[in-house]
Amino acid sequence: MLTRLNTKSERKLAKQICKVVLDHFEKQYSKELGDAWNTIRDILITPSCWQYAVLLNRFNYSFELEKDLRLKGYHTLFQGSLPCNPKSMKCYLSKTPDRMPSERHQIGNLKKYYLLNAASLLPVLALELRDGEKVLDLCAAPGGKSIALLQCAYPGYLHCNEHDSLRLRWLRQTLESFIPQPLVNVIKVSELDGREMGDAQPEMFDKVLVDAPCSNDRNWLFSSDSQKAAWRISQRSNLPVLQIELLRSAIKALRPGGLLVYSTCTLSKAENQDVISEILNSYSNIMPVDIKEMARTCSQDFTFAPTGQECGLLVIPDKGKAWGPMYVAKLKKSWTT
């Protein structure tokens, strides 16, 4: 039986690499990342190397599950003391590409854990959410970061927005699978174009997360439709324009003194550092927040590439630390305009 399962999972992992995308990435990233690109590429095109973190759901905590993970050799993320790492958020990692089975969605039953790329917790922790705060997750689907935010604190109000109707359904199901009914009352789900949120809810939020639509390097490399992939690449230069517009909207929605975190799951400098530089150059009331300390504390679990920015981190996949890509930047809106 075990052999059959292994063969089945191997078949699943034997995805087809999209040559159009790989060639495009090869040109761009060998230039931007130098020799590091060789290792990154090898991991990105080998799904059997990918790792999956296990984020425990504090709303349906299982002592047995936690004990089992420890027995299997999993360790907790951020064993170094990260100042903004709340004790209520528990995430376990394995040093090997082990993957726990996904739990099925069952109405009325909360799931015990969420599988994710561990690097996607960095934007959540960078936001430093505290109890009672009003927080906006501007591009929230599929919902992993919203779930993680709720493991960190009890917000006074959480607004999860997703413009894409199919992804919105996925977001609603994720929230339903992890969040108990009483807490659902402080969560609002909307389907607004994120670029309109700032005008709709000006200076409403203490914290805003913009996990922006991006090139999504891991997924794009396995595009099954090469024509669609070629079209995506041709349209890729439009993404920074959208990302900047989303950030402008987020800045409007953020109250003075509030924090904004921007994240993507691409290595692309045009969608990462260049977007943040454009924002910093065009706003006198938006300040970079130094997050180098986060990189120092997390270096045992993640590999970082230099970004040339104190307010920006880039997690790159590495051997035994196959997390990322994940870019995170942290900004603050000052009281003066």
Under a 4.0 Å threshold between the charged nitrogen and the carboxylate oxygen, would [Y] count as salt-bridged to [X]?
X: D274; Y: K269; result: yes
X: R172; Y: E162; result: no
X: R248; Y: E245; result: no
X: D199; Y: K252; result: yes
X: D68; Y: K72; result: yes
X: K207; Y: E133; result: yes
X: E103; Y: K111; result: no

- Evaluate the side chain to side chain contact (heavy atoms under 4.5 Å, CB included) criterion for residues S94 and Q51: first the C-alpha distance (whole Å), next the side-chain angles of each, then the deciding distance (0.1 Å), finally the verdict. CA-CA 7 Å; S94 168; Q51 290 166 272; 5.8 Å; no

- How far apart are the C-alpha atoms of Y283 and S334, what are their side-chain angles, what is the distance that settles it, and do they pass the side chain to side chain donor-acceptor pair (under 3.5 Å) test? CA-CA 10 Å; Y283 285 88; S334 68; over 6 Å; no

- Item | Residues which pass side-chain hydrogen bond (donor to acceptor under 3.5 Å, both in side chains) with W220, listed by chain and number, not counting sequence neighbours | none

Can you tell me how far [atom2] of [Y] sits from [atom1] of [X], rounded to the nearest 0.5 angstrom?
X: L65; Y: R70; atom1: CG; atom2: CZ; result: 11.0 Å
X: L260; Y: L331; atom1: CG; atom2: CG; result: 5.5 Å
X: I43; Y: C49; atom1: CD1; atom2: SG; result: 6.5 Å
X: R232; Y: L239; atom1: CZ; atom2: CG; result: 10.0 Å

- Only one of K134, R255, K333 clears salt bridge (charged side-chain N to carboxylate O under 4.0 Å, His left out) with D206; which? R255

- Message: Does the structure place the NZ or CZ of R218 under 6.0 Å from the centre of the six-membered ring of W50, at an angle of no more than 45° from the ring's axis?
- Response: yes

- Which of parallel (below 30°), tilted (30 to 60°) and perpendicular (above 60°) describes H159 and Y157? perpendicular

Can a donor-acceptor pair be found between the side chains of [X] and [Y] at a distance below 3.5 Å?
X: Y74; Y: D98; result: yes
X: S249; Y: E196; result: no
X: Q273; Y: Y327; result: no

- Message: Quick one, D217 with Y29, criterion side chain to side chain donor-acceptor pair (under 3.5 Å). Give me CA distance, side-chain angles, the key distance, then yes/no.
- Response: CA-CA 11 Å; D217 298 349; Y29 294 150; 3.1 Å; yes

- Query: Could you go step by step and tell me if Q151 and Y114 meet the side chain to side chain donor-acceptor pair (under 3.5 Å) rule?
  - Reply: CA-CA 11 Å; Q151 304 306 314; Y114 187 87; over 6 Å; no

- Does K188 reach the side chain of C160, with side-chain heavy atoms less than 4.5 Å apart? no

